[in-house]
Amino acid sequence: MKRSGYCNEIGTHLIGEQVTVCGWVSSRRDHGGVIFIDLRDRSGLVQVVFNPERQPEVHRQAHGLRNEYVLQVSGLVSRRPPETENPKLATGAIEILVDRLELLNTAQQLPFQLDEEGVGEATRLQYRFLDLRRTEMQRNLQFRHRVMQTVRRTLDESGFLEIETPMLTRSTPEGARDYLVPSRVNPGQFYALPQSPQLFKQLLMIAGYDRYFQIARCFRDEDLRADRQPEFTQIDLEISFVGAEEVMALAESVIAAVFRDALGQGLSLPIARLTYEEAMDRYGLDAPDLRNPLQLIDLTETLRETGFKVFAQAAAMTGSRGERGMIKVLRLPGGAQLTRKQIDEYTEFVGIYGAKGLAWIKLNGPWQEDGWQSPIVKFFSEAEKAAIVAATGAEVGDILFFGADRASIVNESLGRLRVKLGKDLDLLRGAPFSFVWVTEFPLLDWDNESRRHVAVHHPFTAPMVEDRAQLDAPEMEGRFLDRVRSQAYDLVLNGTEIGGGSIRIHDPKLQERMLALLGIEKEEAEEKFGFLLKALDYGAPPHGGLAFGLDRLVAILLGVESIRDVIAFPKTQKAGCPLTQAPSFVDPLQLRELYLRSTHIPK
RNA sequence: GGGGGUGUAGUUCAGUCGGUUAGAACGCCGGCCUGUCAAGCCGGAGGUCGCGGGUUCGAGCCCCGUCGCUCCCGCCA
């Protein structure tokens, strides 16, 4: 049952040789006389030819072949006759003249055609084993493999140890909802599937392993998105005796290796950087796509005294915890030609993010000549108009979009509008892949719902050395702590966060203080992750690390919209698997063994 | 939990104002066909219009409910 190679490997160098290939019938063209079949395997296609004059018996056999039948064919590699070469095919210069045909298996008519575009995802996932035969999915998963191997090799060569950590672990506070696994031998108790190997990798640093990595499956029981699955894969790494610079440099070297090996492209290093503050100021989001030339401009000071009440009120706003009001503008060059309908659609769009409206000015001409078309322009003084032009550089033909509200609403709504305009109007410029580091994230954020601070990254992230004193000042408790910066960094690719990490706290006193600021009681901390706190007491080295979202990274590099297209067996938006029908009800006996009873009442 | 989109043949879709027998392409089946590669020509089969209820003389189309898939908000690093 030997085969001489993959279909795609049969080339002109084998002309005159006898070969054997195995694969699926991708298409057949039966002329009554000569029959052509494209035989497909994971490598690609090769045309095999059944000629009645060459092998009448085999030719007769070939009449019965249908799509997706599984064959083994042996024959002579031959240059195609002149005028019949197919330049669209890698193997298009040759064909195999079949002498022997073995029908390894037949196949029913497929539920969808493998070469059809736009087949519904429900059907594709239900028959994923067929969907995965498609060229695109073959390409995606083979590319993903290449990325993973490159990561492994690169990190191995950089002295990293690949170490596995438990999948059955314990629930941690903070973060996402856990997937729980009941313990049979410990009635009433549960494991949690890991949201990430975070605590374990810190323990490995404390244990002296110095450089750890893992391509780790992570689980989070939250609602899904196009770039979010309940289980996903992280390239997780951690290093001892380093600062943020070393971690970022290492991460860059990994990404550069992926570019070189998987994409065959160079990547110019170092990757550009922005602080969180700069990113929010200019782009309104912490993951900006720098291919988009549009920027936000802060007009809060310029228009603080304006007669337009909506703006003036926003500028005067001070939130309960120090969140300011803000006026920002987004200038769209050439945007004066947007229709009223388009503007209405953008107004509705920013409403999704909490904006109460979207003020705009079309610059049909200079303001001095009454050239500004806008529902709000009548409120502005001449000085304000001049200042708006000076601040934005706006020219005739442009449109200005304004946001005025709490800073978080202004930034998010205009930031998202910037992204949407970039997509709608095809504004993205420059290289197809644009990386940027975003650094100096805030350490803490105020959560209004629970009335306490929460960690922006996670509770083990170290503050910036310069800001440490603010944390320790007792009078700071519960006040404006969102101004403290952390040693956290995100790597952003084309406007999507593909990796993030931080330098961790290795000082037990600081870790204790941090937990106190997060409102986690000593007892609770002791119970939930006392093991980490204890470990910090036994000689914890300074350490830090980072994790890449492998699914997102691969999806962006391949230019596919959804990470489901780079995962072999993904789940639907309701976290189900149409192939296996998971999740499912289980036998009551299984539940009894686990000391469980469902409270669910079927409708 | 909320908002938007969508569901018609195996697949992708069309289906007018509510009106007679629900169409097309591809696929499938049969026949013909010796250089195709989107093979070609002739013929044919194939429908619980997601599901349930309602309005109507009459519903793929209107109304109510429900389910699936999908995009987004909330949630989630």
Side-chain angles (χ1 to χ4, degrees), chain A residues 26-39 45-54 59 63 66-68 78 80-89 91-92 95 97 107-127 130 174-178 195-196 198 218-230 232 234 286-287 348-354 412-413 416 420 438 441 445 447 449 454-458 461 488-492 496-502 546-549 552 561-562 564 571-574 576 578 603:
Chain A
S26 190
S27 79
R28 70 199 166 93
R29 296 172 292 281
D30 186 342
H31 289 241
V34 66
I35 299 169
F36 301 99
I37 280 180
D38 290 338
L39 198 67
L45 299 176
V46 68
Q47 172 164 286
V48 300
V49 185
F50 298 88
N51 194 310
E53 285 155 18
R54 186 180 172 87
H59 176 264
H63 272 300
R66 294 293 178 269
N67 280 342
E68 301 307 314
S78 167
R80 293 197 189 186
E83 309 293 310
T84 67
E85 297 195 355
N86 185 351
K88 284 184 246 171
L89 227 53
T91 57
E95 59 194 6
L97 308 179
Q108 291 186 5
Q109 184 190 353
L110 266 46
F112 56 92
Q113 289 162 249
L114 299 190
D115 56 1
E116 174 117 23
E117 299 277 322
V119 176
E121 220 170 340
T123 312
R124 287 178 52 202
L125 291 183
Q126 188 186 345
Y127 294 93
L130 298 178
E174 307 280 299
R177 195 175 295 116
D178 288 314
Q195 296 183 23
S196 80
Q198 181 60 36
C218 304
F219 304 86
R220 291 173 192 167
D221 187 6
E222 298 292 349
D223 287 341
L224 275 54
R225 290 284 192 285
D227 62 353
R228 236 194 267 164
Q229 282 274 302
F232 59 99
Q234 284 191 346
D286 62 6
E348 196 180 330
F349 175 78
V350 296
I352 296 171
Y353 305 100
E412 180 158 28
S413 58
R416 300 282 192 155
K420 185 165 175 60
V438 178
F441 273 78
D445 194 13
D447 179 44
E449 210 167 300
V454 292
V456 168
H457 188 58
H458 55 54
T461 299
Y489 31 83
D490 277 0
L491 184 58
V492 175
T496 300
E497 180 213 322
I498 57 154
S502 64
L546 154 144
F548 290 110
R552 285 183 186 181
E561 293 291 321
S562 161
R564 291 187 298 274
K571 293 185 174 49
T572 68
Q573 197 161 37
K574 285 200 69 188
K603 282 180 195 169

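Naming convention: chains lettered A, B, ... in sequence-line order (proteins, then strands); numbering from 1 in each chain.
Surrounding OH of Y127(A) are at most 12 heavy atoms belonging to other residues, nucleotides or ligands under 6.0 Å away. With a 6.0 Å radius and a threshold of 12 heavy atoms from other residues, nucleotides or ligands, E348(A) has its CD atom at or below the threshold.
For the P atoms, the distance linking A59(B) with U16(B) amounts to 16 Å, nearest Å. With C1' as the reference atom, A24(B) and G15(B) are 11 Å apart, rounded to whole Å. Using atom P as the reference point in both C63(B) and U21(B), the two lie 25 Å apart (nearest Å). Taking atom P in both G50(B) and U11(B), one finds a spacing of 13 Å when rounded to whole Å. Going from the P atom of G65(B) to that of G4(B) covers 13 Å, rounded to whole Å. Nucleotides C32(B) and A25(B) have their P atoms positioned 24 Å apart, rounded to a whole Å. With both ends at atom P, the span from G10(B) to U6(B) equals 22 Å, rounded to whole Å. Across the C1' atoms, U8(B) and G60(B) are found 7 Å apart, a figure rounded to whole Å.
When rounded to the nearest whole Å, the span between CD1 of I352(A) and P of C73(B) equals 8 Å. A straight line from CZ of R416(A) to P of C72(B) spans 9 Å, rounded to a whole angstrom. Distance D286(A) CG to C76(B) C1': 13 Å, rounded to the nearest Å. A straight line from NE2 of H457(A) to P of A77(B) spans 10 Å, rounded to a whole angstrom. When the C1' atom of C26(B) is taken as reference, atom CD of E116(A) falls 6 Å away, rounded to whole Å. Rounded to an integer number of Å, the gap from NZ of K571(A) to P of U70(B) is 13 Å. Rounding to whole angstrom units, CZ of residue R225(A) and P of G74(B) are separated by 7 Å. Between the C1' atom of C69(B) and the CG atom of L224(A) lies a distance of 13 Å, rounded to the nearest Å.
When each of C69(B), C72(B), A77(B) is scored by its nearest atom to the side-chain atoms of E121(A), the top-ranked nucleotide is C69(B).
R54(A) comes within 4.0 angstrom of no nucleic acid atom, judged by non-hydrogen atoms across all strands. Counting any heavy atom pair closer than 4.0 Å across all strands shown, G549(A) reaches no nucleic acid atom. As judged by a 4.0 angstrom heavy-atom cut-off over every strand, G500(A) is placed among residues making no nucleic acid contact.
None of D490(A), D286(A), L491(A), V438(A) except one satisfies the side chain to side chain contact (heavy atoms under 4.5 Å, CB included) rule with E497(A); the exception is D490(A).
Residue-to-nucleotide contacts include a donor-acceptor pair under 3.5 Å from the side chain of R228(A) to the base of C76(B).
Base-pair partner of A9(B): not found among the strands shown (Watson-Crick or G-U wobble, both distances under 3.5 Å). Taking a pair to require two hydrogen-bonding distances under 3.5 Å in either a Watson-Crick or a G-U wobble arrangement, C62(B) pairs with G54(B). Pair check for U16(B) finds none; no Watson-Crick or G-U wobble contact set falls under 3.5 Å. Pair assignment for C29(B) gives G43(B), based on Watson-Crick or G-U wobble hydrogen-bonding distances that are each under 3.5 Å.
Comparing P111(A) and Y353(A) against RNA chain B, the residue whose closest nucleotide sits nearer the 5' end is P111(A). Heavy-atom nearest nucleotides on RNA chain B were determined for G576(A) and for R177(A), and the one closer to the 5' end corresponds to G576(A).
In plain terms, the two heavy atoms of N51(A) and E53(A) that are nearest each other are OD1-N, 2.9 Å. Looking at every heavy atom in both residues, S27(A) comes nearest to N67(A) through CA-OD1, 3.6 Å. The two atoms that bring S196(A) and C218(A) nearest to each other are CA-SG, 3.8 Å, heavy atoms only. Residue V119(A) comes nearest to Q113(A) through the heavy atom pair CG2-O, 4.5 Å, listed as atom of the first residue, atom of the second, then distance. Here the closest heavy-atom approach between residue D178(A) and residue D221(A) is recorded as O-CB, 4.0 Å.
An OP1 or OP2 oxygen of A77(B) is reached within less than 4.0 angstrom by a side-chain nitrogen or oxygen of Q195(A).
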Next item on the list: Encode nucleotides 28-39 of chain B as B, S and - characters from 5' to 3', where the letter depends on protein heavy atoms closer than 4.0 Å: B to the base, S only to sugar-phosphate, - to neither.
Entry: SSS--BBBBBSB

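At a threshold of 4.0 Å, the pair E222(A)-R228(A) does not count as salt-bridged, since none of the basic side-chain nitrogens sits closer than that to a carboxylate oxygen.
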